[in-house]
Each structure stands twice: as C-alpha cells, then as structure tokens.
Engineer: 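Once you've had a glance at the structure underneath, I'll fire off some questions.
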Number of protein chains: 2
Amino acid sequence: MTDYRQMTLKDLAQKLCVSTATISNAFNRPDQLSPALRERILKEARRLGYHGPDAKARSLRTGRSRIIAVILAESLTYSLNDAVASEFLSGVAEVLDAHGHTLLLLPGRGHASQPPGSANIADGFIAYGQMPNSKVIDDLPAQRTLVAVDFDIEGCPTVHIDDTAASYKIAQHALRYLPKRPAIINLRITQKACNGRVTPEHTLLPNTSTISRARLEGFHSALIEQAVDIDQVPLWNIEENTFEVCSPVIAEILDQPPEQRPDLLLCMSDRIALTVLTLAEQRGIRVPEDLRITGFDGIAEGQYRAPRLTTVRQDSVGKGRVAAQMILGRIPLAQQLLETELLLGDTCP
Amino acid sequence: MTDYRQMTLKDLAQKLCVSTATISNAFNRPDQLSPALRERILKEARRLGYHGPDAKARSLRTGRSRIIAVILAESLTYSLNDAVASEFLSGVAEVLDAHGHTLLLLPGRGHASQPPGSANIADGFIAYGQMPNSKVIDDLPAQRTLVAVDFDIEGCPTVHIDDTAASYKIAQHALRYLPKRPAIINLRITQKACNGRVTPEHTLLPNTSTISRARLEGFHSALIEQAVDIDQVPLWNIEENTFEVCSPVIAEILDQPPEQRPDLLLCMSDRIALTVLTLAEQRGIRVPEDLRITGFDGIAEGQYRAPRLTTVRQDSVGKGRVAAQMILGRIPLAQQLLETELLLGDTCP
DNA sequence: AGGCAAAACTTAATCGATTAAGCTAATTAT
DNA sequence: ATAATTAGCTTAATCGATTAAGTTTTGCCT
C-alpha cells in the first residue's frame, strides 16, 4: 500500500510547503533561514522519518563524500590481523574521525576479488605499503589526492621511516655482544617465493625495492662494520608475517644441533621475533643466554609480555596520523620521515 | 588553461561520437553492444584517462553503493587494536570482498566527533557490540538492512554466542581443581565506572544487559554448582580491555600477600588473562602451580605463546562472516547462535 | 525479394540532493 | 519619506551516471 521509497528532501518540502532549498539550508546552512522555521523543519523531519540529506546525492552534488580510502598492501583479512597495519589504521582513523570523515578499507590490488568500482567514491586515498612496481595509482581518479605510506610513488607525498638506518641501529646494538653465529630472518626479499633458507639461486630483490630489502641493508651494514662476512651469515626468508607461516621455518632453524643453531637472530619484524621466542620457550632454549632475539616494529604484543622483546619501535600510529592529516590538508603534502626508537627489552639486553 | 574537471562519461561519449548509454553499457552490460565497439570504448577510455563511471553518480542512480558499514562499539582507534574486534572485522571483510563490496568503518555513537552524515551512503549496516539501550538504529535510514552482532535490537537479525553457557563451561572446568581462593575479573559490569574491586555500593548492571554481565552469570552458575558462596568470591571490574587499563588493577590483585592472593582468576577476556599472565611472570608467580588463569575469546595472541592460555574460543571471524553474509542476502536474516569451544591451554590445564 | 526478428544504438527521464541568482518584504540609513 | 540594504525564501540549473523505451540497422528465412 504505502510506498516504501525512502523519503526525500523534496517530499519533506512538499509536506511543509517550503522549497527544497530551504530544507537543504535547514540542514546545512542555518544562517540562511529563520531559526523558527529551521526548528520546525528539523522537528517535522524527525517526526516524518526523514534522516537528513541522502549521502549519495549529496556527495554527487558537492563532489565530496567525506570518505577517505586506505588501500592496504594485503587482503583486508590479513591487514586487520596484523598489528602494524592495525596500528597504522588506528592512527588514520583517529584523525579522520576528529575531522568528521570516515574510513573506507580497500584490499590491495591482486587481493580484491572484484574491480575497485565503488572505491572512487573517496575524496582521497592513502596507499599503504604497496609493492614498488605497484599500479595502484593507475586506476585512481586523477583529481584526488594520494598519499603513499611505506613505499614510493614518483611525485607523490609520502610518509615513512628510514628502515635501513633503523635496522642498522638495532643490529649494531645486538652485535656488541659479538655473537658466534648470527643469522637473519627476513620477509619477502626474494624474487620468487621462498619459505626457508635463502640460497644463491634465490635472487634477492633490488636494494631499494621494498621495506624488507631496506632493512636487510641495515643489518648487512652493521655486520660489515663488525668485519663479519655477510655471506657466512645464514639468511632465511619468510613469505607471510603470520605465526602459521613463520613457525615451520623457525622450527627448522631452532631444531638444528645446538652447535649449529644461531645464537643471535635478527628478525625483520616483531611477529617473526615473537614466533622465535615462543618456539624457543617451548624447546627450553634460554633467551637471551642461549639465543638473543631482536625484532622490528615495536608492537604492543612484544612489550606487554615477559620477557619483553628487544626491538626498534616505529610509530605506526603516528604514520597513520600524519598520512591522514596530509590527505585532509591539515598539514602540507610533503615527504615526511618519522623517527624510530630502540627498545631495549629482555631478549637482547 | 585546460580544464581540470574530471572527465565524465558524457565527455567520452562526445569524443567517440556515441551516446552516453552506449558508454555506460560498455562498462556495465557488455551484451548490449558489439564487442568491437566495446573494445574501442574501453581502449579510448583508458587512453583519455577516463577511469570508469563515477561511483558517486552511479550509487545515486542505482541506489546501491556496494559499501557496507560496520558500526563499532568503541572508537575506531580502540577497535582496531582489539584482537576480538579485529578478527570480527576480518571475517566481515573477507565475505564483503568476495562479493565485490567494500567496508566502511564507523565509530560507536558517542565516539564519533561529528554526526554520521556520510555514513548513510552504505547499503547495509552491521552494528557490533553496542550497549543494550543503544540508539544506533534511530538515525539509520529505515530502508536499509541492519544486522546486530553481540547485542540485541528488537526485531533485528542478530549473530551472537551463548556467553553465559560458554563462561559456565570454562568456569566449570577450572573449578574441578577445587581452588581455595577463586576470584573473577570482569569488564564493565557496574552501573558507574569502577576500576578495581567491586563492593556492594557498586550496583551491577542488570542480568541480561551486556555480554560481560552474561559471562558473569555463567561464572556464578558454575560456582554455585560447586557450592561456593559467590558473595565470598572477590569480584573485580575493569573499565577498558587494554593492557594499560588492566595492569594497575591486576597488579593490585597479585601484590596481595600470597595467602590472600587468589589461586584461580576467571577472566572475562583473553586480554585480561594475558595481562594477568604477564604480571604474574614478572613477579615470579608460577602458573598454573600458584595461580590458575582462564580467559575468554580465544584470540591468537593467547595461543601463539608459551604457556598457552586456557580459554574458551568464540569464532569471531565466523561471526563476521555470518553477519556479512546476512547483510548481503547470501543467507537468510535470522537469529544466529554460534558455537564455542574450550581451549585447554597451559594456564589452567 | 519481402517480412520479421534480433542486434546495435540513441533518446530522454530520473536518482536526491546543492547552490547561485532572483525575488519580496522588512528593516535600516539618509 | 524615500532609498538602500538585509533577511528570508524560491526558482531552476546542475552534479554524472543508469536504464526503460524507442529507433535504426543487420541478418535470416522462405
């Protein structure tokens, strides 16, 4: 019987015998009409079930949706369970929310099962940790702002840290103890997938290509500085930063005979380092006596536990804040480099 | 000079000397035009920098945006760092993505700094863990679907677990060891804020009001069944499920003289239980010998560590999946009750 | 070759708002 | 008292698509 079409501004205008412009002004520009009328309109709107101007129509007309999209590197499922990505997102969300914007989450290219489509509803885009050759920008509407985080796009404002310097810093700290058998566990540094020990056949990605690669450079610099032959330092690669994928590789490392087993593991992420720690504890390997472990990121999980993880903290939340502020035009679009901080925990004091 | 207005479908139509309908069809209904023409259109579109139909206009015209909004209970900042909420979101995201939808994140009412506004762009809403008297629905467009998760709205499809039964189950397990001094740590069960020991002055929320309250009921049932006087069981309340807020309260509990200190702590969440575990480890309190600990949720962090947390797992990811499938109409809108599972870890074997 | 159906396009109305420009009536200035 | 300004409201164009209905072209059948 009654018609279930949603009530529009026009319907409301007709019922109240005023123009649509006036209704619109009642919601958007209070100074354009008498307070009495505005009051009446808002009251009647509520009574008749009109919940304010339709966002779709409004965004079409004004050209702005108050939505900012974050394009993640991985699938949403992965990203939401990754502490670093989550912290980053929470920084973004905090700033967006403070300025009346909302957050749209997009999976990385190659992870979306459908073409973007609805994504270009956003007023601006924050691309997070994409691959260097990433084509994210290619199908983004040209007019809208894009901020790149943790990777570079030519001529695009970016937010990042100096990964090489940071990893150099922690490796330098760890090497002060002159480990007998240092080893490195890295994330996705080989051209083709490799879950395990990296051999010469596995070609490494180019030096500056990804964050992982940059961090490996830092480790290497510190090792070279200590006159360690980096070719003698076992390098392990892991394809995904999750406990499930890390575990078997790390088990393989730890299950070597004690005299071959590393006594220092420089890990490219806290997730890896924490997995090492868990597996070491399960095996009764003493940390740091038998094995020193360092991480990278400074996620909460590594600090709110005993023993605390020795790591280098990057301000992921801050990254998110800065990126969001840039997108909203609160700070100038620029190349922002954030600081990192050594966290001396118990796993490599 | 050149005009920076974004290129529209109409512009493209003019350049190619075809009608706008044809362009639109080239993007949306391939069967409506000859393959040759379609090919030409897509190619020229790419060449001229037309990235496909504008999402704002399209969503206005079609009435659908392919965006689903999740209304969280807390601020986005909190939710994104909470493992349970993140797992839930990742379940939602997984299903949405598989069906070409995207995810818009909205902070809970009272956490947004601005009125919703752009939120009603979504095709459907999933409200997560709201307070029982929550007014979320009130300013939601009436026509759109709403699914409630972990709380109830009259006449609204819901997804939840039987919190009381689940907490009864784990408490029952823990009580088999006939603890001398059991105690309970709960989350937000008092009328007004209370961070610490709950005394008679602190009125409790009504029985069925929140999840926390439901879980407390389960603990109590199990205690009563063991003929324990529940008024003698210390009850502690915590206002926020974070390490920072939990710590001082838990320190207070653990720093009591050993003969007064609880030998069993039934915790309402894994976050609380893990904080207990960390602080106990720091103090050299042996778990489970001196202190047994149980959690609730089954988050990854509690299982991927040594000792593993004894807890009851709820399938948060599954909750998200089911909620998303309902919203998308893949499964009927209904009241869904998911199963829980006892995880026998090392903290209360 | 004529008739008819299907294929390939076009026309034009529409989605639900915003906003510049215009119009009256009321107020202020001279 | 009259002109000038302002307040308060309306008119109508516009944002950029989609899609039902209509038109022309092509292909097929007898």
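Predicted model, so just to flag it, every value in this text is computed and none were measured. So you know, we letter chains A, B, ... as the sequences are listed, proteins then strands, and number each from 1.
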Engineer: Tell me: CE of M7(A) to P of dA17(C), nearest whole Å?
Structural biologist: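 Value for this atom pair: 10 Å.
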
Engineer: Between atom CZ in R29(A) and atom P in dA7(D), what is the gap in whole Å?
Structural biologist: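 Whole-Å distance recorded here is 14 Å.
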
Engineer: Test of understanding: with salt bridge (charged side-chain N to carboxylate O under 4.0 Å, His left out), list the residues that count as partners of D82(A), not counting sequence neighbours.
Structural biologist: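 If we apply the salt bridge (charged side-chain N to carboxylate O under 4.0 Å, His left out) test to D82(A), skipping adjacent residues, there are no hits.
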
Engineer: Using five base pairs at each end to define the local axes, how bent is the helix from dA1(C)-dT30(D) to dT30(C)-dA1(D), to the nearest 10°?
Structural biologist: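 About 30° separates the two local helix axes.
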
Engineer: Return a table of donor-acceptor pairs under 3.5 angstrom between the side chains of residues 322-337 of chain B and protein atoms on other chains or two or more places apart.
Structural biologist:
residue	atom	partner	partner atom	Å
R330(B)	NE	H99(B)	NE2	3.3
Q335(B)	OE1	T158(B)	OG1	2.7
Q335(B)	NE2	C156(B)	O	3.3

Engineer: What residues form a salt bridge (charged side-chain N to carboxylate O under 4.0 Å, His left out) with R321(A), not counting sequence neighbours?
Structural biologist: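 Scan of R321(A) (salt bridge (charged side-chain N to carboxylate O under 4.0 Å, His left out), adjacent residues dropped) gives E94(A).
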
Engineer: Mind checking ring pair (Phe, Tyr, Trp, His ring centres under 6.0 Å) for F27(B) and listing every partner two or more places apart, or none if nothing turns up?
Structural biologist: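 Only Y50(B) meet the ring pair (Phe, Tyr, Trp, His ring centres under 6.0 Å) criterion with F27(B).
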
Engineer: Would you please name every residue forming a salt bridge (charged side-chain N to carboxylate O under 4.0 Å, His left out) with R61(B), sequence neighbours left out?
Structural biologist: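 R61(B) satisfies salt bridge (charged side-chain N to carboxylate O under 4.0 Å, His left out) with no residue once adjacent residues are dropped.
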
Engineer: According to ring pair (Phe, Tyr, Trp, His ring centres under 6.0 Å), who are the partners of F125(B), at least two apart in sequence or on a separate chain?
Structural biologist: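 Partners of F125(B) under the ring pair (Phe, Tyr, Trp, His ring centres under 6.0 Å) test: none.
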
Engineer: Just the rounded figure in Å: distance from P of dT18(D) to CG of D54(B).
Structural biologist: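 Taking CG of D54(B) and P of dT18(D), I get 9 Å after rounding.
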
Engineer: Using a cutoff of under 3.5 Å, can you pull out all pairs of nitrogen or oxygen atoms linking the protein to nucleotides 22-26 of chain D, with atom names and distances?
Structural biologist:
none

Engineer: The criterion is side-chain contact (heavy atoms from CB on, under 4.5 Å); which residues satisfy it with S24(A), sequence neighbours excluded?
Structural biologist: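 Once residues adjacent in sequence are excluded, the partners of S24(A) under the side-chain contact (heavy atoms from CB on, under 4.5 Å) criterion are L9(A), N28(A).
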
Engineer: Base, sugar-phosphate, or nothing for F27(A), non-hydrogen atoms under 4.0 angstrom?
Structural biologist: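 Counting heavy atoms under 4.0 Å across all strands, no contact is made by F27(A).
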
Engineer: Using salt bridge (charged side-chain N to carboxylate O under 4.0 Å, His left out) as the criterion, list what pairs up with D152(B), not counting sequence neighbours.
Structural biologist: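 By the salt bridge (charged side-chain N to carboxylate O under 4.0 Å, His left out) rule, D152(B) matches no residue at all.
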
Engineer: May I ask you to test the L72(B)-L76(B) pair for a side-chain heavy-atom distance under 4.5 Å?
Structural biologist: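 Yes, close enough: below the 4.5 Å cut-off.
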
Engineer: Considering only heavy atoms from C-beta outward, does the side chain of L104(B) approach that of V70(B) to under 4.5 Å?
Structural biologist: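 Not in contact.
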
Engineer: OP1 or OP2 of dG16(D) sitting under 4.0 Å from any side-chain N/O of Y50(B)?
Structural biologist: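 Y50(B) to dG16(D) OP1/OP2: no side-chain N or O under 4.0 Å.
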
Engineer: When you check every protein heavy atom under 4.0 Å of nucleotides 6-15 of chain C, what one-letter string (B, S, -) results, 5' to 3'?
Structural biologist: --SSBBBBBB

Engineer: Given atom NZ of K56(A) and atom P of dT18(D), what is their separation to the nearest angstrom?
Structural biologist: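 After rounding, the reported distance stands at 15 Å.
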
Engineer: Without decimals, in angstroms, what is the distance between I121(B) CD1 and dA17(C) C1'?
Structural biologist: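 Atom CD1 in I121(B) sits about 12 Å away from atom C1' in dA17(C).
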
Engineer: Figure out the CG/C1' separation between L12(B) and dA17(D), and round it to whole Å.
Structural biologist: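 Rounded to the whole Å, the gap is 13 Å.
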
Engineer: Please collect all salt bridge (charged side-chain N to carboxylate O under 4.0 Å, His left out) contacts where either partner lies in residues 22-46 of chain A, sequence neighbours excluded, each pair once.
Structural biologist: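 Listed by first then second residue: E44(A)-R47(A).
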
